There are 2 protein chains.
Amino acid sequence: MTPQRKAVLQLFLDRRGEHLSAEDVYDVLRGEKSDIGIATIYRSLELLAELGLLQRVNFDDDRTRYEMYDPTEGGHQHHHLVCKKCGKIIEVSDDLLEPLEKEITKKTGFKIVDHQVKFIGYCKECQESGD
Amino acid sequence: MTPQRKAVLQLFLDRRGEHLSAEDVYDVLRGEKSDIGIATIYRSLELLAELGLLQRVNFDDDRTRYEMYDPTEGGHQHHHLVCKKCGKIIEVSDDLLEPLEKEITKKTGFKIVDHQVKFIGYCKECQESGD
DNA sequence: CTAGTTGCAAATGCTTTGCTTCTGC
DNA sequence: GCAGAAGCAAAGCATTTGCAACTAG
(Lines give C-alpha, C1' and ligand atoms only; values in the text may rest on other atoms or scores of the structure.)
Protein backbone atom coordinates (compact mmCIF):
# COMPACT_ATOMS: atom_id res chain seq x y z
CA MET A 1 0.00 0.00 0.00
CA THR A 2 1.69 3.13 -1.23
CA PRO A 3 0.66 6.71 -0.40
CA GLN A 4 -0.81 7.11 -3.90
CA ARG A 5 -3.06 4.09 -3.51
CA LYS A 6 -4.10 5.23 -0.06
CA ALA A 7 -5.00 8.63 -1.47
CA VAL A 8 -7.17 7.09 -4.18
CA LEU A 9 -8.96 4.82 -1.74
CA GLN A 10 -9.40 7.65 0.75
CA LEU A 11 -11.03 9.78 -1.92
CA PHE A 12 -13.66 7.12 -2.51
CA LEU A 13 -14.20 6.76 1.24
CA ASP A 14 -14.71 10.52 1.49
CA ARG A 15 -17.15 10.46 -1.38
CA ARG A 16 -19.27 7.41 -0.83
CA GLY A 17 -22.11 7.29 -3.29
CA GLU A 18 -20.26 9.14 -6.03
CA HIS A 19 -19.20 7.55 -9.30
CA LEU A 20 -15.76 8.79 -10.14
CA SER A 21 -13.79 8.33 -13.33
CA ALA A 22 -10.01 8.16 -13.49
CA GLU A 23 -10.01 11.74 -14.70
CA ASP A 24 -12.16 12.83 -11.75
CA VAL A 25 -9.75 11.23 -9.31
CA TYR A 26 -6.80 12.76 -11.10
CA ASP A 27 -8.26 16.27 -10.95
CA VAL A 28 -8.92 16.08 -7.22
CA LEU A 29 -5.64 14.49 -6.19
CA ARG A 30 -3.80 16.83 -8.50
CA GLY A 31 -4.92 19.74 -6.36
CA GLU A 32 -3.86 18.12 -3.11
CA LYS A 33 -0.74 16.18 -3.87
CA SER A 34 0.79 17.76 -6.92
CA ASP A 35 2.74 14.69 -7.92
CA ILE A 36 0.55 11.87 -9.09
CA GLY A 37 0.37 10.54 -12.62
CA ILE A 38 -2.76 9.55 -14.48
CA ALA A 39 -1.23 6.14 -15.19
CA THR A 40 -0.90 5.53 -11.48
CA ILE A 41 -4.57 6.37 -11.03
CA TYR A 42 -5.57 3.85 -13.66
CA ARG A 43 -3.35 1.20 -12.12
CA SER A 44 -4.65 1.90 -8.62
CA LEU A 45 -8.28 1.79 -9.68
CA GLU A 46 -7.78 -1.54 -11.37
CA LEU A 47 -6.01 -2.91 -8.31
CA LEU A 48 -8.65 -1.69 -5.88
CA ALA A 49 -11.39 -3.15 -8.05
CA GLU A 50 -9.63 -6.51 -8.08
CA LEU A 51 -9.32 -6.38 -4.33
CA GLY A 52 -13.07 -5.89 -4.22
CA LEU A 53 -12.86 -2.46 -2.59
CA LEU A 54 -14.22 -0.65 -5.61
CA GLN A 55 -16.95 -1.57 -8.03
CA ARG A 56 -16.81 -0.74 -11.73
CA VAL A 57 -19.82 1.08 -13.10
CA ASN A 58 -20.61 2.42 -16.52
CA PHE A 59 -23.08 5.06 -17.59
CA ASP A 60 -22.47 5.16 -21.34
CA ASP A 61 -20.39 8.30 -21.19
CA ASP A 62 -17.44 6.43 -22.65
CA ARG A 63 -15.41 6.26 -19.51
CA THR A 64 -15.17 3.71 -16.76
CA ARG A 65 -16.36 4.88 -13.39
CA TYR A 66 -15.91 3.40 -9.95
CA GLU A 67 -17.78 3.51 -6.67
CA MET A 68 -17.12 2.19 -3.18
CA TYR A 69 -18.15 -1.39 -2.68
CA ASP A 70 -20.61 -1.61 0.20
CA PRO A 71 -20.33 -4.94 2.05
CA THR A 72 -23.49 -4.24 4.04
CA GLU A 73 -25.46 -4.77 0.86
CA GLY A 74 -24.35 -8.36 0.74
CA GLY A 75 -23.54 -9.99 -2.56
CA HIS A 76 -26.10 -7.89 -4.31
CA GLN A 77 -25.54 -4.27 -4.98
CA HIS A 78 -27.96 -1.48 -5.62
CA HIS A 79 -29.28 -0.49 -9.02
CA HIS A 80 -28.83 2.78 -10.84
CA LEU A 81 -31.56 4.88 -12.37
CA VAL A 82 -30.19 7.09 -15.12
CA CYS A 83 -32.25 10.15 -16.04
CA LYS A 84 -32.32 10.76 -19.78
CA LYS A 85 -32.88 14.46 -19.37
CA CYS A 86 -30.65 15.70 -16.58
CA GLY A 87 -28.27 12.78 -16.41
CA LYS A 88 -28.75 12.40 -12.67
CA ILE A 89 -27.97 8.99 -11.17
CA ILE A 90 -30.34 7.70 -8.51
CA GLU A 91 -29.61 4.59 -6.48
CA VAL A 92 -32.21 2.08 -5.43
CA SER A 93 -31.67 -0.97 -3.32
CA ASP A 94 -32.05 -4.43 -4.67
CA ASP A 95 -35.25 -6.04 -3.50
CA LEU A 96 -36.85 -8.01 -6.24
CA LEU A 97 -34.06 -9.24 -8.40
CA GLU A 98 -33.36 -12.36 -6.37
CA PRO A 99 -36.44 -14.26 -7.53
CA LEU A 100 -35.60 -13.39 -11.14
CA GLU A 101 -32.11 -14.80 -10.72
CA LYS A 102 -33.41 -17.96 -9.08
CA GLU A 103 -35.84 -18.41 -11.95
CA ILE A 104 -33.09 -17.96 -14.54
CA THR A 105 -30.82 -20.47 -12.82
CA LYS A 106 -33.64 -22.97 -12.61
CA LYS A 107 -34.51 -22.57 -16.27
CA THR A 108 -31.06 -22.40 -17.81
CA GLY A 109 -28.62 -23.90 -15.31
CA PHE A 110 -26.61 -20.67 -15.50
CA LYS A 111 -24.91 -19.90 -12.19
CA ILE A 112 -25.15 -16.17 -11.57
CA VAL A 113 -22.37 -14.54 -9.56
CA ASP A 114 -22.90 -10.88 -10.42
CA HIS A 115 -25.19 -8.61 -12.33
CA GLN A 116 -25.31 -5.19 -13.89
CA VAL A 117 -28.65 -3.50 -13.89
CA LYS A 118 -29.42 -0.02 -15.08
CA PHE A 119 -32.80 1.61 -15.63
CA ILE A 120 -33.10 4.48 -18.05
CA GLY A 121 -35.95 6.98 -17.85
CA TYR A 122 -36.98 10.31 -16.40
CA CYS A 123 -36.58 11.39 -12.80
CA LYS A 124 -39.44 12.93 -10.85
CA GLU A 125 -38.13 16.48 -11.21
CA CYS A 126 -37.64 16.29 -14.96
CA GLN A 127 -41.11 14.85 -15.44
CA GLU A 128 -42.63 17.74 -13.52
CA SER A 129 -40.65 20.48 -15.23
CA GLY A 130 -42.30 19.87 -18.58
CA ASP A 131 -41.39 16.46 -19.93
CA MET B 1 -31.85 4.70 -47.71
CA THR B 2 -28.57 4.15 -49.50
CA PRO B 3 -27.16 0.78 -50.60
CA GLN B 4 -24.62 0.91 -47.76
CA ARG B 5 -27.31 1.33 -45.14
CA LYS B 6 -29.37 -1.41 -46.70
CA ALA B 7 -26.37 -3.73 -46.60
CA VAL B 8 -25.79 -3.06 -42.90
CA LEU B 9 -29.42 -3.63 -42.03
CA GLN B 10 -29.56 -6.76 -44.18
CA LEU B 11 -26.58 -8.18 -42.34
CA PHE B 12 -28.40 -7.87 -39.03
CA LEU B 13 -31.51 -9.40 -40.55
CA ASP B 14 -29.43 -12.33 -41.80
CA ARG B 15 -27.86 -12.75 -38.40
CA ARG B 16 -30.64 -12.32 -35.89
CA GLY B 17 -29.48 -13.09 -32.41
CA GLU B 18 -25.88 -12.08 -33.02
CA HIS B 19 -24.24 -9.10 -31.38
CA LEU B 20 -22.09 -7.40 -33.96
CA SER B 21 -19.61 -4.61 -33.49
CA ALA B 22 -18.77 -2.02 -36.13
CA GLU B 23 -15.61 -3.93 -36.86
CA ASP B 24 -17.57 -7.17 -37.31
CA VAL B 25 -19.89 -5.52 -39.81
CA TYR B 26 -16.96 -3.96 -41.60
CA ASP B 27 -15.16 -7.29 -41.97
CA VAL B 28 -18.19 -9.01 -43.46
CA LEU B 29 -19.28 -6.24 -45.82
CA ARG B 30 -15.69 -5.72 -46.84
CA GLY B 31 -15.66 -9.19 -48.35
CA GLU B 32 -18.87 -8.67 -50.27
CA LYS B 33 -18.88 -5.10 -51.39
CA SER B 34 -15.29 -4.03 -51.46
CA ASP B 35 -16.04 -0.35 -51.15
CA ILE B 36 -17.47 0.56 -47.79
CA GLY B 37 -15.70 2.69 -45.21
CA ILE B 38 -15.64 2.06 -41.50
CA ALA B 39 -16.95 5.58 -40.89
CA THR B 40 -20.03 4.78 -42.92
CA ILE B 41 -20.59 1.68 -40.79
CA TYR B 42 -20.45 3.74 -37.61
CA ARG B 43 -22.80 6.33 -39.05
CA SER B 44 -25.24 3.70 -40.29
CA LEU B 45 -25.28 1.85 -36.98
CA GLU B 46 -26.04 5.04 -35.11
CA LEU B 47 -28.80 5.91 -37.54
CA LEU B 48 -30.40 2.47 -37.41
CA ALA B 49 -30.28 2.52 -33.62
CA GLU B 50 -32.01 5.90 -33.58
CA LEU B 51 -34.66 4.57 -35.91
CA GLY B 52 -35.22 1.79 -33.41
CA LEU B 53 -34.23 -0.97 -35.79
CA LEU B 54 -31.12 -1.88 -33.86
CA GLN B 55 -30.47 -2.08 -30.16
CA ARG B 56 -27.17 -1.11 -28.57
CA VAL B 57 -25.63 -3.73 -26.30
CA ASN B 58 -22.40 -3.81 -24.39
CA PHE B 59 -20.42 -6.74 -23.02
CA ASP B 60 -17.45 -4.96 -21.47
CA ASP B 61 -15.14 -5.75 -24.33
CA ASP B 62 -14.64 -2.05 -24.97
CA ARG B 63 -16.65 -1.88 -28.11
CA THR B 64 -20.26 -1.08 -28.80
CA ARG B 65 -22.28 -3.93 -30.21
CA TYR B 66 -25.69 -3.97 -31.85
CA GLU B 67 -28.45 -6.53 -32.27
CA MET B 68 -31.75 -6.56 -34.15
CA TYR B 69 -34.60 -5.03 -32.25
CA ASP B 70 -37.39 -7.57 -31.90
CA PRO B 71 -40.81 -5.88 -31.80
CA THR B 72 -42.53 -9.13 -30.80
CA GLU B 73 -40.89 -8.80 -27.40
CA GLY B 74 -42.84 -5.64 -26.76
CA GLY B 75 -41.24 -2.76 -24.94
CA HIS B 76 -39.17 -5.12 -22.89
CA GLN B 77 -36.27 -6.91 -24.38
CA HIS B 78 -34.50 -10.06 -23.33
CA HIS B 79 -31.61 -10.24 -20.89
CA HIS B 80 -28.10 -11.45 -21.52
CA LEU B 81 -26.21 -13.99 -19.48
CA VAL B 82 -22.48 -13.55 -19.89
CA CYS B 83 -20.31 -16.56 -19.05
CA LYS B 84 -17.13 -15.56 -17.23
CA LYS B 85 -15.24 -18.57 -18.48
CA CYS B 86 -16.09 -19.10 -22.14
CA GLY B 87 -17.55 -15.68 -22.87
CA LYS B 88 -20.68 -17.15 -24.36
CA ILE B 89 -23.77 -14.96 -24.42
CA ILE B 90 -27.08 -16.61 -23.58
CA GLU B 91 -30.38 -14.85 -24.00
CA VAL B 92 -33.31 -15.21 -21.66
CA SER B 93 -36.68 -13.62 -22.01
CA ASP B 94 -37.92 -11.02 -19.62
CA ASP B 95 -40.48 -12.40 -17.23
CA LEU B 96 -40.01 -11.01 -13.81
CA LEU B 97 -38.58 -7.57 -14.28
CA GLU B 98 -41.89 -5.81 -14.67
CA PRO B 99 -42.84 -6.01 -10.98
CA LEU B 100 -39.41 -4.66 -10.03
CA GLU B 101 -39.88 -1.69 -12.34
CA LYS B 102 -43.35 -1.00 -11.01
CA GLU B 103 -42.01 -1.10 -7.48
CA ILE B 104 -39.21 1.32 -8.32
CA THR B 105 -41.59 3.78 -9.97
CA LYS B 106 -43.91 3.64 -6.99
CA LYS B 107 -41.08 4.23 -4.54
CA THR B 108 -39.12 6.89 -6.38
CA GLY B 109 -41.40 8.45 -8.98
CA PHE B 110 -38.83 7.59 -11.63
CA LYS B 111 -40.45 6.85 -14.98
CA ILE B 112 -38.62 3.93 -16.58
CA VAL B 113 -38.51 3.80 -20.37
CA ASP B 114 -35.69 1.33 -20.93
CA HIS B 115 -33.32 -0.92 -19.05
CA GLN B 116 -30.03 -2.68 -19.44
CA VAL B 117 -29.72 -5.95 -17.59
CA LYS B 118 -26.81 -8.32 -17.71
CA PHE B 119 -26.08 -11.32 -15.53
CA ILE B 120 -22.53 -12.49 -15.12
CA GLY B 121 -21.72 -16.05 -14.08
CA TYR B 122 -20.94 -19.50 -15.38
CA CYS B 123 -22.88 -21.37 -18.03
CA LYS B 124 -23.98 -24.95 -17.54
CA GLU B 125 -21.21 -26.40 -19.71
CA CYS B 126 -18.42 -24.50 -18.00
CA GLN B 127 -19.68 -25.54 -14.58
CA GLU B 128 -19.64 -29.19 -15.59
CA SER B 129 -16.22 -29.11 -17.24
CA GLY B 130 -14.47 -28.46 -13.95
CA ASP B 131 -15.37 -25.03 -12.61
C1' DC C 1 -29.74 20.31 -59.49
C1' DT C 2 -28.87 19.91 -54.54
C1' DA C 3 -29.08 18.23 -50.16
C1' DG C 4 -27.47 14.53 -48.05
C1' DT C 5 -24.00 10.59 -48.06
C1' DT C 6 -19.65 8.34 -48.71
C1' DG C 7 -14.55 7.38 -48.13
C1' DC C 8 -10.41 8.50 -46.68
C1' DA C 9 -7.32 10.09 -43.54
C1' DA C 10 -6.43 12.81 -39.79
C1' DA C 11 -7.89 13.88 -35.24
C1' DT C 12 -9.83 12.75 -30.68
C1' DG C 13 -10.21 10.87 -26.15
C1' DC C 14 -9.78 7.22 -22.92
C1' DT C 15 -6.72 3.85 -21.46
C1' DT C 16 -2.43 1.09 -21.54
C1' DT C 17 2.42 0.29 -21.86
C1' DG C 18 7.62 0.82 -21.96
C1' DC C 19 11.06 2.17 -19.42
C1' DT C 20 13.84 4.64 -16.22
C1' DT C 21 13.95 6.40 -11.65
C1' DC C 22 12.40 6.06 -7.10
C1' DT C 23 10.89 3.98 -2.66
C1' DG C 24 8.91 1.06 0.93
C1' DC C 25 10.22 -2.66 3.71
C1' DG D 1 19.35 -4.00 -1.49
C1' DC D 2 15.63 -5.18 -4.42
C1' DA D 3 11.16 -6.22 -5.97
C1' DG D 4 7.58 -3.64 -6.87
C1' DA D 5 5.55 1.12 -7.80
C1' DA D 6 5.44 5.74 -9.81
C1' DG D 7 5.93 9.15 -13.47
C1' DC D 8 6.30 10.53 -17.92
C1' DA D 9 5.62 10.26 -22.53
C1' DA D 10 4.66 7.50 -26.37
C1' DA D 11 1.65 4.02 -28.18
C1' DG D 12 -2.95 1.75 -28.82
C1' DC D 13 -7.75 1.41 -29.98
C1' DA D 14 -12.38 2.39 -30.83
C1' DT D 15 -14.82 6.05 -32.51
C1' DT D 16 -15.55 10.68 -34.63
C1' DT D 17 -14.86 14.40 -37.77
C1' DG D 18 -13.36 17.47 -41.77
C1' DC D 19 -13.72 17.69 -46.33
C1' DA D 20 -13.82 16.91 -51.19
C1' DA D 21 -15.98 13.87 -54.42
C1' DC D 22 -20.27 11.45 -55.37
C1' DT D 23 -25.22 10.09 -55.78
C1' DA D 24 -30.14 9.46 -54.99
C1' DG D 25 -34.40 11.51 -55.96
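All values below come from the heavy atoms of this structure, side chains included, with hydrogens, waters and symmetry mates left out. Predicted model, so just to flag it, every value in this text is computed and none were measured. Note on naming: letters A, B, ... go to the chains in the order of the sequence lines (proteins, then strands), and numbering restarts at 1 for each one.
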Task: SB check Lys118(B) Asp60(B) (cutoff 4.0 Å) - done: yes
Task: Contact under 4.0 Å: Gln4(A) side-chain N or O vs dG7(D) OP1/OP2 - done: yes
Task: Nearest-angstrom distance from the residue atom CZ of Phe59(A) to C1' of dC14(C) - done: 18 Å
Task: Distance in angstrom units between Lys6(B) NZ and dT23(D) C1', rounded - done: 13 Å
Grab the N/O contacts between the protein and nucleotides 21-24 of chain C below 3.5 Å, and write none if there aren't any.
none

Open item on the list: Please tell me whether His19(B) and Tyr66(B) form a close aromatic pair, meaning their ring centres lie under 6.0 Å apart.
Closed with: no
Open item on the list: For Phe119(A) and His79(A), take the angle between the two ring planes, folded into 0 to 90°, and tell me which bin it lands in: parallel under 30, tilted 30 to 60, perpendicular over 60.
Closed with: perpendicular
Task: Rounded distance (nearest 0.5 Å) linking atom NE2 of His80(A) with atom CD1 of Ile120(A) - done: 12.5 Å
- [ ] Rounded to the nearest angstrom, tell me the gap between atom CD in Glu23(A) and atom C1' in dT12(C).
- [x] 13 Å
Open item on the list: Between Gln4(B) (side chain only) and Gly37(B) (backbone N and O only), is there a donor and an acceptor less than 3.5 Å apart?
Closed with: no
Task: Test item: Asp24(B) side-chain N/O and Ser21(B) main-chain N/O as donor-acceptor pair under 3.5 Å - done: yes
Open item on the list: Can you measure Arg5(B) atom CZ to dG4(C) atom P for me and round it to whole angstrom units?
Closed with: 11 Å
- [ ] Using the side chain to side chain donor-acceptor pair (under 3.5 Å) rule, take His78(A) and Glu67(A) through it: C-alpha gap first, then chi angles, then the decisive distance, then the call.
- [x] CA-CA 11 Å; His78(A) 53 265; Glu67(A) 64 181 2; 3.2 Å; yes
Open item on the list: Over all strands shown, is Ser21(A) touching base, sugar-phosphate only, or nothing at heavy-atom distances under 4.0 angstrom?
Closed with: nothing
Task: First encountered from the 5' end of DNA chain C, between Tyr26(B) and Arg65(A) - done: Tyr26(B)
Open item on the list: Output the rounded distance in Å from CZ (Arg63(B)) to P (dG12(D)).
Closed with: 16 Å
Task: Flag, side chain of Arg65(B) to backbone of Asn58(B), donor-acceptor distance under 3.5 Å - done: no
Open item on the list: Near DNA chain D, counting only heavy atoms under 4.0 Å, which residues of residues 38-51 of chain A show up?
Closed with: Ala39(A), Thr40(A), Arg43(A)
- [ ] Whole angstrom is fine here: how far is it from CG in Leu29(A) over to P in dA6(D)?
- [x] 12 Å
Task: More than 12 heavy atoms of other groups within 6.0 Å of Asp62(B) CG - done: no
Open item on the list: Using five pairs at each end of the helix from dC1(C)-dG25(D) to dC25(C)-dG1(D) to define an axis, what is the angle between those two axes, to 10°?
Closed with: 30°
Task: Nucleotide dT16(C), atom P - distance to CG of Asp62(B) in whole Å - done: 7 Å
Task: d(CD1, Ile36(A); P, dA6(D)) in whole Å - done: 8 Å
Open item on the list: Looking at Lys88(A), I want to see if its NZ is surrounded by more than 12 non-hydrogen atoms of other residues, nucleotides or ligands under 6.0 Å.
Closed with: yes
TODO: Would you please test Leu100(A) and Leu97(B) for side-chain contact (heavy atoms from CB on, under 4.5 Å) and show each step?
DONE: CA-CA 7 Å; Leu100(A) 176 51; Leu97(B) 207 59; 3.7 Å; yes
